[in-house]
J.: 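First, the structure itself, so that you have it in front of you.
Order of appearance sets the numbers: ligands from 1, and atoms from 1 within every ligand. What's counted below: heavy atoms across the whole structure, side chains too, no hydrogens, waters or symmetry copies.
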Amino acid sequence: MRKRLLCIAPDDAHAAALTTGPLHDWDTCCVANLGDAARALRAEGYPVGLLLRARSLLRSADLDGFLCHHRDTQWIGVFRPHDIEHAACRDLVVEHLLDYHTEPVDPRRLAYTLGHAHGWALLRRPAPSTDDSGLLVGRADAMVRLRAHVARVARVDAPVLVWGESGSGKELTAQSIHAQSARARAPFVPVNCGAIAPNLIQSELFGYERGAFTGAARARAGLIESADGGTLFVDEIADLPMDLQANLLRFLQEKTICRLGSTRCIRVDVRVIAASHVQLQRAVDAGTFREDLYYRLAVLPVTVPALRERREDVVTLAEHFFGLYGDERSPRLTGFSSRAVAALLDHDWPGNVRELINRVRRALVMADGRLVTPQDLGLETPLVMTAALDDVRARTERLALRECLQRSGQNVSRAARDLGVSRTTMYRLLTKHGMHP
Ligand SMILES: Nc1ncnc2c1ncn2[C@@H]1O[C@H](COP(=O)(O)OP(=O)(O)OP(=O)(O)O)[C@@H](O)[C@H]1O
Ligand SMILES: [Mg+2]
């Protein structure tokens, strides 16, 4: 495979001198400005980038925003001898560059540095995934429906509103939509409106020009701009202050943004996926969320089911995380005890998948024996002596049914055999407990 290099050089002659000769074994694309560079990166994706005369680029454009946006590329800078003494150049090196050279450039050394950057880029590249829907683990009907929904909305470009309880997998769902969409190679940029101070959200989202406010020493691209070509995931959108709801709506309608302190509109191509753990319709009724924005976002609603609505996936997920966090466990620990499985199935999971992850990780650390116990999971339910005998019996029946169905892969006949009851009794019990295999 030939190595590919993107060279950004304001001066052609300079670029030509460097990129022939020692770099003959690279496929090099030379561009003169950041706009062309962004287009080239979007179309092809280059593992390594070379910034020639980096200081003049720094003067003429928002190099900082550009490099933030293209973090997956490994950047090498070339400076004139005294440039590196300037604070802005030093910041550039520290924040964004893997290495730098000063002119006159030693071509052999430069080739070596670029080769090193190329190796580094390959190491950092995420392993290719052939089936991105595989991100969402689970075979429950509710998950099968969710995956089908994800695949459908991934094909179009309208905004999506993901609703689900806390920890149910909203962000993972948004990532799956992005990964299966035509935008997959461009960035997925998450922003959590609940986690940013309200007075900072505007500048985080829309960016600012130099001098827009005290302390704005340099212009900076906002998160919307940095998602250009890709997807912006606006988490906890109900926490977005009213004035910013209006700005976001304008962006959705006009596809342009205006940085703070600027009157110039910039065209940005971004798909918005919003998420909320509160029913936005209620926020609209309460007057804290703009109705027009709600309707704009709710074109494609996606609901992530709570974990208790897909109990048959609990054990599969627990085993998935047991493997995923395998480094954190002692090699002696091989799996879950049947009592642990029963406890997993019986728990109501108010914190959903996130709670499950936390409990499994806790168990990996706490377990002494070969198998995880309910205590390791923090799920030991003390026997309530005052509970009526019928309650205890019903609860035990439910547990046994769930566990056997889980183990038999929802095969009713096999589960009935394991429980030592007839198929008819099995169906009667399932009906009694409202469980539909
Ligand atoms: N179906 C699933 N398969 C595998 N991992 C999952 C699944 N659902 C959720 N997760 C994992 O559970 C964790 C919580 O999911 P995520 O962050 O997407 O939830 P959320 O709804 O955005 O949560 P919060 O409301 O806390 O922000 C993540 O680590 C995610 O990778
Ligand atoms: Mg989230």
J.: Is the charged tip of Arg361 near the ring of Tyr325: under 6.0 Å from the six-membered ring centre and within 45° of its axis?
T.: yes
J.: May I ask you to identify the nearest protein heavy atom to atom 9 (C) of ligand 1, giving residue, atom name and distance to one decimal place in Å?
T.: Val353 CG1, 3.5 Å
J.: I need the nearest protein heavy-atom contact for atom 15 (O) of ligand 1: residue, atom name and distance, please.
T.: Gly169 CA, 3.6 Å
J.: When you measure from atom 14 (C) of ligand 1 to every protein heavy atom, which one gives the shortest distance, and what is it?
T.: Arg354 NH2, 3.7 Å
J.: Starting from atom 2 (C) of ligand 1, what is the nearest protein heavy atom, named by residue and atom, and what distance separates them?
T.: Val137 N, 3.5 Å
J.: With no hydrogens and no angle check, is any side-chain donor or acceptor of Trp163 less than 3.5 Å from a backbone partner on Val278?
T.: yes
J.: Between Arg210 and Arg218, is any pair of side-chain heavy atoms under 4.5 Å apart?
T.: no
J.: May I ask you to identify the nearest protein heavy atom to atom 6 (C) of ligand 1, giving residue, atom name and distance to one decimal place in Å?
T.: Leu172 CD2, 3.2 Å
J.: Are Trp75 and His70, when compared by the centres of their aromatic rings, separated by less than 6.0 Å?
T.: no
J.: Cation-pi check for Tyr46 against Arg4: NZ or CZ below 6.0 Å from the six-membered ring centre and within 45 degrees of the axis, yes or no?
T.: yes
J.: Please list the nearest protein heavy atom to atom 25 (O) of ligand 1 with its residue and the distance rounded to 0.1 Å.
T.: Lys170 NZ, 2.9 Å
J.: Could you say whether the N/O atoms of Glu236 and ligand 1 ever approach to under 3.5 Å?
T.: no
J.: Tell me whether Ser276 contacts the main-chain N or O of Ala238 through its side chain, where contact means a donor paired with an acceptor under 3.5 Å.
T.: no
J.: Where is the nearest protein heavy atom to atom 29 (O) of ligand 1: which residue, which atom, and how far?
T.: Ile357 CD1, 3.5 Å
J.: Less than 4.0 Å is my threshold; does some heavy atom of Met143 fall inside it relative to ligand 1?
T.: yes
